[in-house]
Amino acid sequence: MADTIQSVKGMNDVLPPDSARWQHLEATCRELFARYGYGEIRTPVLESTALFARGIGEATDIVEKEMYTFKDRGERSLTMRPEMTAGCARAYIEHSIHGKEPVTRWWYCGPMFRYERAQTGRYRSFWQIGCEVYGIAEPTIDAEQIAMLTELYTSLGVGDLTVLINTVGSAEDRPAYRAALVAFLEPKQDALCGDCKRRLVTNPLRVLDCKVPTCKDAVAGAPALRDHLGERTRAHFAGVQRTLEALGVEAKVDDNLVRGLDYYTGTVFEITSAAGALGAQSTIVAGGRYDGLLESLGGQPTPAMGFALGVERALLCMGGDAAAFVRPIDVFIATRGEDSRVRATALAHALRKAGLAVEVEHRDAGMKNQFRRADALRARHALALGEAELASGGAKLKDMATRQEVEVRLDDVAGIAAAARA
RNA sequence: GUGGGAGUAGCUCAGUCGGUAGAGCACCAGAUUGUGGUUCUGGGUGUCGCGGGUUCGAUCCCCGUCUCUCACCCCA
């Protein structure tokens, strides 16, 4: 308790055995994404601050007050990524992917950073896994991603899922709607909360999303975005819904679903789970289309669709005993004395090369203690290697569950491995 | 940024209407001179988060502070 150094607020360690649950989630995603044709992209945690300011939007909460931004020794303003879409877009443009292939599918996994107050399911350093598809304007890809996610959560055992979808309109639709909304809200300005008064100027769509009661009242009867959608947007959204239906995915249209990031255009979606210990959060993944982002960052006009899922949140409602995901020990070798430990270490080395998981008791501990430890490690077999065994060259491999023992020769690695696998 | 709750043994917590502290779990040893998940016996000084105040005396009361945690906002 003295003067020890602790981890930074809101930034957590993941230790065994809990890390095994993370590995399970990651392995499931990796395998699933591979079947859908996604390749992994890894980008630096640090990016130029301007990337996020331009990509995510100056007026968003993330850019306004949640970024870890600082100057490096060369006086360049750098920011620890608060999300990955902007970084992926930067990489896509920087490597001229547009000119190399018509369709690009990327997935990623890594830590993101946002300066917020931590609570259950929300941390300052948190992990996201996400996918980005570039080059497809058609609505079927939107539905494909959503369906892929429902499959993911189902296979992970995350229950009580709700898929919410909406469309926020294309770059052509939005200015008209925005004007109509502002015209409707301006007379009611006095009823709005402080944040919303500001949003009225910076990002009026967000007022629709406000939880303050007076704002909710003021918003009642506001013009609906769906009445301001152009024909192309309508057709696209209808296509998404039609494809989801064909895939057997039940999705609820939520008119108030407005993502907090500026780059979204057209389809937006969110999947919530009522399962597990998510606390006040319920969103476990969110995403949408961002057809204008690449161009706004200086790239070629490129349609794009992506999502990000919160790893900690997925884990919170995944359940499952961490120990069940840990690889059990095949053979535990109990020792007595240094000669025994040397011989046991060599034997373990050979057995591990043969593919077994082996643990040697390197400490000078009592036999009873060693067998207890073998139990704690969930070892399938135990082999006591003491003076008698060293002298005779033979030993007994004990099945910890049945307590049956079989004779083995210490120099017969293949034989021991076979017996341990039986 | 705002508001609740909590900080006592490695972990989960109890407790003292103010007289410097306990349980369970875990861990170790022995009963069983080399064989486990049960049982029995033995084994714990821990700045009672930190600083100050009141008091003969504070882990307990008061003030401050730090940390953790939950929630609001917002988000994955």
Side-chain angles (χ1 to χ4, degrees), chain A residues 1-12 56 60-66 81-85 109-130 149 193-196 198-199 203 206 209-212 215 258-261 269-273 277-288 306-317 332-337 340 361 363-390 395-403 405:
Chain A
M1 322 267 194
D3 213 2
T4 59
I5 296 172
Q6 293 177 285
S7 69
V8 175
K9 180 197 277 286
M11 305 200 180
N12 305 310
I56 299 173
T60 59
D61 277 11
I62 290 180
V63 172
E64 270 184 352
K65 52 189 189 189
E66 294 177 1
R81 62 186 184 201
E83 54 98 61
M84 272 287 274
T85 296
C109 172
M112 309 296 156
F113 303 85
R114 293 184 196 172
Y115 192 89
E116 307 178 88
R117 288 284 275 258
Q119 68 189 68
T120 306
R122 200 184 62 192
Y123 312 99
R124 289 184 170 181
S125 169
F126 63 102
W127 287 63
Q128 286 188 332
I129 293 176
L149 284 163
C193 71
D195 280 340
C196 283
R198 196 164 44 78
R199 288 174 184 141
N203 197 347
R206 298 270 301 288
D209 213 21
C210 188
K211 271 85 182 174
V212 176
C215 295
V258 183
R259 308 267 78 242
L261 286 58
F269 74 96
E270 193 171 296
I271 299 179
T272 63
S273 171
L278 252 189
Q281 330 298 331
S282 62
T283 304
I284 52 178
V285 56
F307 66 80
L309 71 86
V311 173
E312 287 87 348
R313 289 188 187 178
L315 256 14
L316 276 171
C317 45
F332 181 92
I333 306 180
T335 59
R336 254 180 101 73
S340 158
E361 182 52 85
R363 302 172 307 166
D364 189 23
M367 217 21 95
K368 175 185 194 164
N369 184 20
Q370 297 192 46
F371 271 76
R372 274 197 189 151
R373 186 146 174 262
D375 261 332
L377 292 172
R378 298 181 169 212
R380 291 198 226 273
H381 303 273
L383 186 153
L385 211 176
E387 286 157 30
E389 288 80 7
L390 281 177
K396 291 184 176 120
L397 184 71
K398 181 174 188 175
D399 184 310
M400 293 296 281
T402 67
R403 295 177 185 248
E405 294 185 319

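Residue numbers start from 1 in every chain, and the chains themselves are labelled A, B, ... in the order their sequence lines are given, proteins ahead of strands.
In this model, the phosphate group of B:rC70 is not approached by any side-chain N or O of A:Gln119 to a distance below 4.0 Å at OP1 or OP2.
When heavy atoms are screened at a 4.0 angstrom cut-off, A:Arg373 is found touching no nucleic acid atom at all. Within the nucleic acid shown, A:Ala314 has no heavy atom closer than 4.0 Å to any nucleic acid atom. Residue contacts shown for A:Lys398 include a base, since a base heavy atom lies under 4.0 Å away. Counting any heavy atom pair closer than 4.0 Å across all strands shown, A:Ala286 reaches sugar-phosphate atoms only and no base atom. Base engagement by A:Glu387 is indicated by at least one non-hydrogen atom pair under 4.0 Å involving a base atom. Residue-level contact check: A:Gly279 touches the backbone only, with heavy atoms under 4.0 Å from sugar-phosphate atoms and none from bases. When heavy atoms are screened at a 4.0 angstrom cut-off, A:Tyr123 is found touching base atoms of the nucleic acid.
Nucleotide B:rU67 holds its P atom 8 Å from the CD atom of A:Gln6, rounded to whole Å. Atom CG of A:Asp399 is separated from atom P of B:rU35 by 19 Å (rounded to the nearest Å). Between the C1' atom of B:rU38 and the CE atom of A:Met400 lies a distance of 15 Å, rounded to the nearest Å. Look at NZ on A:Lys396: it is 15 Å from P on B:rG34, rounded to the nearest Å. Atom CD in A:Glu405 sits about 16 Å away from atom P in B:rG34, given to the nearest Å. Atom pair A:Gln281:CD and B:rC70:C1' shows a separation of 11 Å (rounding to whole Å applied). Atom pair A:Glu389:CD and B:rG34:P shows a separation of 12 Å (rounding to whole Å applied). Here B:rA76 presents its P atom at 14 Å from CD of A:Glu312, a figure rounded to the nearest Å.
Nearest to the side-chain atoms of A:Glu116 among the listed nucleotides B:rA76, B:rG37, B:rC72 stands B:rA76. Side-chain proximity of A:Thr120 to B:rA71, B:rG36, B:rA29: nearest is B:rA71. Comparing B:rG36, B:rA76, B:rG34 by their nearest atom to the side chain of A:Ala384 picks out B:rG34. Among the nucleotides B:rA76, B:rU35, B:rG36, the one closest to the side chain of A:Phe126 is B:rA76. Proximity note for A:Lys9 (side chain, C-beta onward) versus B:rC68, B:rC70, B:rG34: the nearest is B:rC68. When each of B:rG34, B:rC74, B:rC72 is scored by its nearest atom to the side-chain atoms of A:Glu66, the top-ranked nucleotide is B:rC74.
When both pairing distances are held under 3.5 Å, B:rA31 makes a Watson-Crick or G-U pair with B:rU39. Nucleotide B:rC61 is matched to B:rG53 when pairs are restricted to Watson-Crick or G-U wobble geometry with both distances under 3.5 angstrom. Summarising the base pairing, B:rU16 is matched to no nucleotide, lacking a Watson-Crick or G-U wobble pair whose two defining distances lie under 3.5 Å. Base pairing of B:rG24 is made with B:rC11, judged by Watson-Crick or G-U wobble geometry with both donor-acceptor distances under 3.5 Å. B:rA71 and B:rU2 make up a base pair, with Watson-Crick or G-U wobble contacts both under 3.5 Å.
Rounded to a whole angstrom, the distance from the C1' atom of B:rC11 to that of B:rG18 is 29 Å. Across the P atoms, B:rC68 and B:rG42 are found 41 Å apart, a figure rounded to whole Å. Comparing B:rU45 with B:rA21, their C1' atoms sit 11 Å apart, to the nearest whole Å. Taking atom C1' in both B:rU16 and B:rU20, the straight-line distance is 11 Å, to the nearest Å. When the C1' atom is compared between B:rC48 and B:rC60, the two are found 10 Å apart, to the nearest whole Å. Separating the C1' atom of B:rG46 from that of B:rA9 is a span of 5 Å, rounded to the nearest Å. Between B:rC17 and B:rG30, the two C1' atoms lie 44 Å apart (nearest whole Å). Here the separation of B:rU32 from B:rG24, taken at their C1' atoms, is 27 Å to the nearest Å.
Looking at A:Tyr115 and A:Lys65, their side chains never come closer than 4.5 Å, going by heavy atoms from C-beta outward. At a threshold of 4.5 Å between non-hydrogen side-chain atoms, the residues A:Lys396 and A:Glu389 do not count as touching. A:Glu312 is listed as a side-chain neighbour of A:Trp127, based on a closest heavy-atom distance under 4.5 Å. Residues A:Leu149 and A:Phe269 meet the side-chain proximity criterion, which asks for heavy atoms closer than 4.5 Å. Within the 4.5 Å cutoff, side-chain heavy atoms of A:Lys398 are placed close to those of A:Phe371. Counting heavy atoms from C-beta on, the side chains of A:Arg313 and A:Leu278 come closer than 4.5 Å.
Taking 3.5 Å as the limit, the base of B:rC75 and the side chain of A:Arg313 contain a donor-acceptor pair of atoms between them. Looking at A:Arg117, its side chain comes within 3.5 Å of the base of B:rU2 through a donor and an acceptor atom.
Residue A:Glu361 is tested with A:Lys368, A:Arg372, A:Arg373, A:Arg336 for a salt bridge (Lys or Arg N to Asp or Glu O under 4.0 Å); the sole match is A:Arg373.
Looking at which nucleotide of RNA chain B each of A:Ala382 and A:Val8 is closest to, the 5′-most match is held by A:Ala382. Mapping A:Leu309 and A:Lys368 onto RNA chain B by nearest heavy atom places A:Lys368 closer to the 5' end of the strand.
Applying the 6.0 Å contact sphere to CD of A:Glu64 captures more than 12 heavy atoms from other residues, nucleotides or ligands.
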